[in-house]
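Scope of the values below: all heavy atoms of this structure, side chains included, with no hydrogens, waters or symmetry mates. Note that the coordinates shown come from a computational prediction; the quantities given were computed from them, not determined experimentally.
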Amino acid sequence: MTEAVATGPAGVPAGSARLGERFAVASGWRVATMVDARVESASARTLVLDVPGWGGHRAGQHVDLRLTADDGYTAVRAYSIGAPWDPDAPTRVEVTVQRVQGGEVSPYLVDEFAVGQRIEVRGPVGGWFVWEPGAAGGAPVLLLAGGSGVVPLVAMVRERRRRADRTPFRLVYSVRMPGDALFLDELTGSRRRDDGVDTHVVWTRGVPPDDPSGRPPGRLDLRGLARHGWPADLRPLVFVCGPTGFVEAVSRMLLVLGHDASAIRAERFGPST
């Protein structure tokens, strides 16, 4: 996840025009083909991969993607799976990639990787940071996302919807600017379904002009978490995902508010280039 890849002009991996021609496939890896892509924001893109032999996945899991340059140099990056497993399209896997300024892999996947090209996939990975109906005895669920950490949590929201589950969900989404937000229309706008998922967005650096709250930008704090999250006495199952600093700060606040540490599941990431 921290490996670099050999690069050519403009940070594009060396030999990128020939990606899909050379692979170092080892046990556990599959060669996938990108069959579709969607722009999610100015800096993020969802890749729809067809993965032969895929055996399914659970909401909250991730995959490793491996790029190989024509000289054999490889780089591996981990990305959360953003859509639940669909038995009608059992080999499809969706990942959302956020471009990192100055990065080597994410700019290529966001800006250059094309439909029809191939990439190695390993997974699904992870069995603890997952949700499915009946988890923790049907306890209410609190989802806390920082930036692109919203991806696996949206997968949980979508799985709940797909299964017509009625577990109460609350999502608190901390994001810098309106242009950085992912899936916002699905969560709060015209595509939102009145299905018992309560979403609150915390803008940390810039508030959209049509924001009805009137609150200035700022980080999620103890008061905001207490107001928009579930009370600790309801014993919710809590999922926290985002940059390390966000995850650590939110986890501390949850403990201060009386949440059971054993009910908090956290997944963090550093700069993914």
Side-chain angles (χ1 to χ4, degrees), residues 40-41 58-60 80 82-84 96 129-178 180-204 206-208 210-242 246-247 249-260 263-267:
E40 303 291 359
S41 74
R58 293 188 287 168
S80 295
T96 300
F129 193 84
V130 298
W131 178 85
E132 54 194 354
V141 173
L142 176 58
L143 308 174
L144 300 166
S148 61
V150 75
V151 176
L153 308 187
V154 164
M156 297 176 189
V157 171
R158 291 170 172 171
E159 177 68 3
R160 176 186 181 276
R161 182 185 306 143
R162 186 184 75 85
R163 302 278 289 273
D165 184 76
R166 305 308 298 173
T167 302
F169 267 41
R170 288 186 178 179
L171 167 63
V172 180
Y173 181 18
S174 175
V175 63
R176 293 179 301 176
M177 306 280 287
D180 298 320
L182 301 176
F183 316 115
L184 197 60
D185 196 41
E186 178 180 348
L187 295 168
T188 66
S190 62
R191 291 177 55 205
R192 182 180 184 273
R193 303 183 184 186
D194 187 14
D195 58 0
V197 178
D198 181 26
T199 300
H200 175 72
V201 181
V202 177
W203 304 103
T204 64
V207 178
D210 58 349
D211 182 62
S213 70
R215 289 186 299 271
R219 293 182 179 180
L220 178 64
D221 58 17
L222 193 64
R223 179 179 297 180
L225 183 54
R227 179 180 179 184
H228 299 290
W230 293 112
D233 57 8
L234 293 181
R235 302 184 65 82
L237 183 58
V238 185
F239 294 89
V240 188
C241 187
F246 172 85
V247 171
V250 168
S251 298
R252 287 194 296 268
M253 287 191 285
L254 288 166
L255 295 177
V256 169
L257 291 171
H259 288 270
D260 185 351
I264 301 171
R265 303 184 182 185
E267 188 167 89

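- Minimum interatomic distance between Leu182 and Leu187 (heavy atoms only, all atoms of both residues): O-CD1, 4.2 Å.
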* List the steps, then state whether side chain to side chain contact (heavy atoms under 4.5 Å, CB included) holds for Val250 with Val172. => CA-CA 11 Å; Val250 168; Val172 180; over 6 Å; no
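- In this structure, OG1 on Thr167 lies 11.0 Å from CD on Glu132, to the nearest 0.5 angstrom.
- Two residues are said to be in side-chain contact when any heavy atoms from C-beta on lie closer than 4.5 Å; Pro152 and Phe239 fail this criterion.
- With a 4.5 Å cut-off on side-chain heavy atoms, Arg163 and Pro84 do not count as touching.
- Nearest heavy atoms, Pro168 versus Trp230: CB-CZ2, 3.5 Å.
- Arg170 contributes a side-chain N or O that, together with a main-chain N or O of Gly229, makes up a donor-acceptor pair within less than 3.5 Å.
- The two residues Ala59 and Ala155 come nearest to each other via the heavy atoms CB-O, 3.7 Å.
- No donor-acceptor pair under 3.5 Å is formed between the side chain of Arg176 and the backbone N or O of Gly147.
- Contact detail for Val150 and Ala145: the closest heavy-atom pair is CA-CB, 3.5 Å.
- Judged by distance alone, with hydrogens and angles left aside, the side-chain atoms of Tyr173 form no donor-acceptor pair with the main-chain N or O of Leu184 at under 3.5 Å.
- Nearest heavy atoms, Val247 versus Cys241: CG2-C, 4.1 Å.
- Note that CG of Asp260 is 9.0 Å distant from CG of Leu255, once rounded to the nearest 0.5 Å.
- Ala232 approaches Leu257 most closely through the heavy-atom pair CB-O, 3.5 Å.
- To the nearest 0.5 Å, the span separating CG on Leu171 from CZ on Phe183 amounts to 11.5 Å.
- Between Val154 and Thr96 there is no side-chain heavy-atom pair separated by less than 4.5 Å.
- Taken from CG in Leu153 to CD in Glu267, the straight-line distance is 9.0 Å, to the nearest 0.5 Å.
- Enclosure of atom CZ in Arg235 is not indicated, since only 12 or fewer non-hydrogen atoms of other residues, nucleotides or ligands lie within 6.0 angstrom.
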* To do: Using the side chain to side chain contact (heavy atoms under 4.5 Å, CB included) rule, take Leu142 and Leu254 through it: C-alpha gap first, then chi angles, then the decisive distance, then the call.
  => CA-CA 11 Å; Leu142 176 58; Leu254 288 166; 4.2 Å; yes
* To do: Let me see the working for Trp203 and Val175 under side chain to side chain contact (heavy atoms under 4.5 Å, CB included), right down to the final yes or no.
  => CA-CA 5 Å; Trp203 304 103; Val175 63; 3.3 Å; yes
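- A 4.5 Å side-chain heavy-atom check between Asp180 and Ser41 finds every atom pair outside the cut-off.
- Rounded to the nearest 0.5 angstrom, Arg227 CZ and Leu222 CG are separated by 14.0 Å.
- Between Arg160 atom CZ and Trp131 atom CH2 the span is 7.0 Å, to the nearest 0.5 Å.
- Annotation: side chain of Leu143 is in contact with side chain of Met156 (closest heavy-atom distance under 4.5 Å).
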